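Only a predicted model underlies this, so the values are computations on that prediction, with no experimental measurement involved. Chain letters run A, B, ... following the sequence lines, proteins first, then strands; residues in each count from 1.
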There are 2 protein chains.
Amino acid sequence: MSILEYRIIGMSLRHALLGLLSQGSASGYDLLKVFEISLANVWPATQSQLYGELGRLADAGLIEVVAEGPRGRKAYGLTEAGMAELRRWLVEVPPEQLHRSDMLLRVFFLGVVSTEQARAYLEEQGAVATRTHEHLDTIRPIVAEDDRDLSVYGRIALEWGLRFTRMQQEWAEWAAREIEAHTSRAPSETSA
Amino acid sequence: MSILEYRIIGMSLRHALLGLLSQGSASGYDLLKVFEISLANVWPATQSQLYGELGRLADAGLIEVVAEGPRGRKAYGLTEAGMAELRRWLVEVPPEQLHRSDMLLRVFFLGVVSTEQARAYLEEQGAVATRTHEHLDTIRPIVAEDDRDLSVYGRIALEWGLRFTRMQQEWAEWAAREIEAHTSRAPSETSA
DNA sequence: TTCTGACGTTCCTGTAGTGACATGTCGAAA
DNA sequence: TTTCGACATGTCACTACAGGAACGTCAGAA
């Protein structure tokens with residue numbers, strides 16, 4: 001049996017923009033703020049990427065300028081074709097199951113530092129996860145209170161974050177214990 | 001190019017190579033096989049990236065050619081400087097906490113498809129996670145049996161995968177139920 | 001009035017990542 | 001002997017991404 005086979009179908013910035021515009025028209029600047037705040041942990045994007053992509057989407061007829069404002073502001077809205085593309089992506093294109101994981105890569109090579117350093121590293125990771133988890137927990141009531149029709153998806157995304165951070169935290173603790181157990185069974189020279 | 005002007009922020013392909021070479025010398029072709037098989041879901045890399053990076057690492061003095069074989073084969077090994085850099089990266093450089101998540105991005109916009117489609121999507125995600133989990137579970141005894149000194153880190157990485165997939169699966173089931181509950185409370189028109 | 005700061009877009013440079021193609025060596029089979 | 005497939009490295013063009021400089025507009029404060 002071969003290791004998982006998957007295809008990487010990139011370009012989700014495009015669909016992030018379509019998704020945001022499906023919830024109302026906005027300018028590049030507006031969208032940039034959304035990326036800086038609410039979408040930062042999900043799909044970070046920079047201004048140079050964003051404006052470029054908006055231009056390409058407009059050329060492709062997926063979005064169009066629906067209003068112009070002061071200072072050259074252009075508000076974009078989704079076209080029919082854009083909405084169709086968004087739906088198609090959501091339903092038909094399989095999501096990426098796995099992505100590059102800096103952390104996992106490190107774990108593969110933790111053996112080259114001392115056991116003590118490896119344990120300290122994992123404890124730090126657990127602590128970071130705990131902090132993030134607590135932060136998410138803080139904003140949970142705020143999201144829950146927002147009872148617009150769509151907010152169920154906001155809650156689902158938040159819950160993912162909560163579960164992910166808790167998992168990471170428990171894993172880090174388990175891993176640190178595992179290293180300790182391994183060390184006491186077979187004490188190796190501290191190699192760094 | 002001197003080591004001084006060599007940038008070391010981000011770019012974990014570099015450290016993946018150093019990590020692999022820390023476990024024994026290997027040629028570009030050997031390393032490519034490792035990326036295709038065991039490192040595929042952690043840090044995918046292509047051949048064009050790999051050979052280029054090997055050249056740059058050699059120029060920077062972090063690795064060196066330790067043997068030459070037939071068909072122009074060059075086996076690389078880690079230098080002292082390379083090992084030092086690997087240790088530095090592991091211990092000093094903080095890992096990225098968050099990365100792009102295609103899946104979460106989709107959840108944010110699930111509202112634009114019908115409730116039925118959204119539920120189906122989440123169930124599919126749960127099923128995929130379950131399959132991956134089962135696959136990982138299958139290879140668990142193989143990893144456990146390999147009792148070299150370093151294998152504890154292999155086990156830790158595997159455990160991360162197991163916990164991650166279980167978390168994802170439980171979350172998808174929870175989310176599907178959540179959507180169902182939301183729908184029965186406030187039945188909305190199927191919008192697609 | 002002038003200055004400042006937020007708004008808003010455009011462009012630039014450099015690096016990272018992808019897929020395809022080009023080049024060549026070698027062993028074994030037909 | 002020819003040919004084919006695995007081995008092995010190298011290069012190319014293109015896209016994605018990051019960071020920021022440059023530039024103009026407008027509202028309100030000093």
Side-chain angles (χ1 to χ4, degrees), chain A residues 5-17 20 25-37 39-60 63 65-76 96 98-102 105, chain B residues 1 5-17 20 25-37 39-60 63-76 96 98-102 105:
Chain A
E5 236 180 84
Y6 43 87
R7 256 171 229 216
I8 290 163
I9 306 160
M11 289 290 290
S12 288
L13 170 61
R14 169 162 301 178
H15 299 103
L17 289 172
L20 288 175
S25 65
S27 71
Y29 196 80
D30 295 335
L31 294 166
L32 195 57
K33 294 300 159 200
V34 176
F35 275 100
E36 278 170 6
I37 300 165
L39 232 58
N41 327 350
V42 174
W43 203 274
T46 58
Q47 154 265 63
S48 38
Q49 243 184 303
L50 200 152
Y51 281 106
E53 193 60 40
L54 281 177
R56 261 166 279 147
L57 283 168
D59 288 347
I63 63 175
V65 176
V66 294
E68 309 223 358
R71 300 178 204 114
R73 175 193 173 95
K74 282 178 282 186
Y76 289 96
E96 290 177 42
L98 297 159
H99 18 65
R100 291 191 159 81
S101 170
D102 189 47
L105 182 62
Chain B
M1 186 198 292
E5 38 193 276
Y6 198 65
R7 315 251 300 238
I8 352 194
I9 35 179
M11 285 184 284
S12 290
L13 170 60
R14 207 155 276 183
H15 299 103
L17 289 173
L20 288 174
S25 64
S27 71
Y29 196 81
D30 295 335
L31 293 167
L32 194 57
K33 295 301 159 201
V34 175
F35 276 101
E36 279 170 4
I37 301 165
L39 233 58
N41 23 9
V42 173
W43 203 273
T46 59
Q47 163 260 56
S48 38
Q49 242 187 303
L50 201 151
Y51 282 107
E53 194 59 40
L54 281 177
R56 262 163 285 157
L57 283 167
D59 287 347
I63 63 175
E64 61 188 353
V65 176
V66 294
E68 310 223 359
R71 302 183 198 104
R73 177 193 173 92
K74 282 177 284 185
Y76 289 96
E96 289 178 40
L98 298 160
H99 18 62
R100 295 191 157 81
S101 168
D102 189 48
L105 181 63

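Summarising the geometry, the separation between CZ on A:R100 and C1' on C:dT15 is reported as 13 Å, rounded to the nearest angstrom. One interatomic measurement links the two molecules: CG of B:L17 to C1' of C:dG17, which rounds to 14 Å at whole-angstrom precision. Straight-line distance from the CZ atom of A:F35 to the C1' atom of D:dC17: 13 Å, rounded to whole Å. Remark: P of D:dA6 and CD of B:E36 are 13 Å apart, rounded to the nearest angstrom. What separates CG of A:L50 from P of D:dA18 is a distance of 12 Å, to the nearest Å.
Between the side chain of B:D59 and the backbone N or O of B:R56 there is no donor-acceptor pair closer than 3.5 Å. Put simply, the side chain of A:S12 never gets that close to the backbone of A:H15: no donor and acceptor are under 3.5 Å apart.
At a threshold of 4.0 angstrom between heavy atoms, the contacts of A:R14 with the nucleic acid are absent.
Scored by the side chain to side chain contact (heavy atoms under 4.5 Å, CB included) test, A:Q49 finds A:L13, A:A45, A:T46, B:R100 as partners (sequence neighbours excluded). The salt bridge (Lys or Arg N to Asp or Glu O under 4.0 Å) search around A:E36 returns A:K33, not counting sequence neighbours.
Looking at B:R14 and B:E53, a side-chain N of the basic residue comes within less than 4.0 Å of a carboxylate O on the acidic one, giving a salt bridge.
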For nucleotides 6-13 of chain C, 5' to 3', base contacts (B), sugar-phosphate-only contacts (S) and non-contacts (-) with protein non-hydrogen atoms under 4.0 Å give -BBBBBB-

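Contact annotation: the side chain of B:V66 never approaches that of B:Y76 to less than 4.5 Å [non-hydrogen atoms, C-beta and beyond].
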